[in-house]
Asks: 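Structure incoming, see below.
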Amino acid sequence: MPHILIVEDEAAIADTLIFALQGEGFTTTWLTLGQAALEHQRQTPADLIILDIGLPDITGFETCKQLRRFSEVPVMFLSARDGEIDRVVGLEIGADDYVVKPFSPREVTARVRAILKRIGPSAAPIVFQVDLERMQITYRGQPLSLTRHEFRLLQSLLEQPERVFSREQLLDAVGVPADAGYERNIDSHIKSLRGKLRNVAADAEPIQTHRGLGYSYSPSHG
Ligand code: CA
């Protein structure tokens, strides 16, 4: 079932959306802050985000701008203002649709369906889920048994898909002081990590090696 992230600080509006979406078979997550939404989308990508423009920390516009640096997830803005400027700005920033309050929940769910249908089944499945509090990473639905270093290493890679990290950058992320043997140190952690990922999916290679450069997480190989 598609997973919808609702970012809205008014509980009554969020409740209405959650009720309507769950009634149509969607799973939902509700957050009230833009920064929290960005963090959530990095860790557990939703299939679509319903984003209020007036949020307590950063605006929905700013949230969407930052989101677009790492995600192509469809975004539907919710706005209290029915202004043409908002509409144009919203679409320029990279939103897929735009709903003005007060809205009918049926209208919102219909538009959500339409957007998801338009983008098709290519919406990437959730491959990794990171639980920072419990320091637990789930891969294709299976919790991984990771050492502290492996957890930090994988978490850093997952945070920025396709970014090539040098060994020094990864060491820094893991919190290990660089010494003479640091390159082999990182390589052995990556090797062990890959072994654990292969136990879940033998044919996938989500961690890519870039010769002479380092490593990256590649969702298309996950
Ligand atoms: Ca609001």
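In listed order, ligands and their atoms are each counted from 1. Treat the numbers as computed from the prediction; the structure is a model and nothing was measured.
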Asks: Checking Q35 against E39: is there a side-chain donor and acceptor pair closer than 3.5 Å?
Replies: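 There is no such pair (donor and acceptor under 3.5 Å, judged by atom type) between the side chains of E39 and Q35.
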Asks: Just one of I50, D97, D96 clears the side chain to side chain contact (heavy atoms under 4.5 Å, CB included) bar with V112, so which one?
Replies: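 Between V112 and the candidates, side chain to side chain contact (heavy atoms under 4.5 Å, CB included) is satisfied uniquely by I50.
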Asks: For a quick test of your reading: what N or O donor-acceptor pairs under 3.5 Å do the side chains of residues 5-17 make, sequence neighbours left out?
Replies:
unit_1	atom_1	unit_2	atom_2	d
E8	OE1	K101	NZ	3.1
E8	OE2	E10	N	2.8
T16	OG1	A12	O	2.8

Asks: Verify whether the ring centers belonging to Y215 and F165 lie closer than 6.0 Å.
Replies: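 Distance test on ring centres: not under 6.0 Å, no.
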Asks: If two hydrophobic side chains count as joined below 4.5 Å and joins carry through other members, does L132 share a cluster with M135?
Replies: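 L132 clusters together with M135.
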Asks: Using 3.0 Å as the cut-off, count the protein N, O or S atoms closer than that to the Ca ion (ligand 1).
Replies: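 With waters ignored, the protein N/O/S count below 3.0 Å is 3.
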Asks: Where do S218 and Q208 land on the side-chain hydrogen bond (donor to acceptor under 3.5 Å, both in side chains) test, with the steps shown first?
Replies: CA-CA 7 Å; S218 171; Q208 297 281 302; 5.2 Å; no
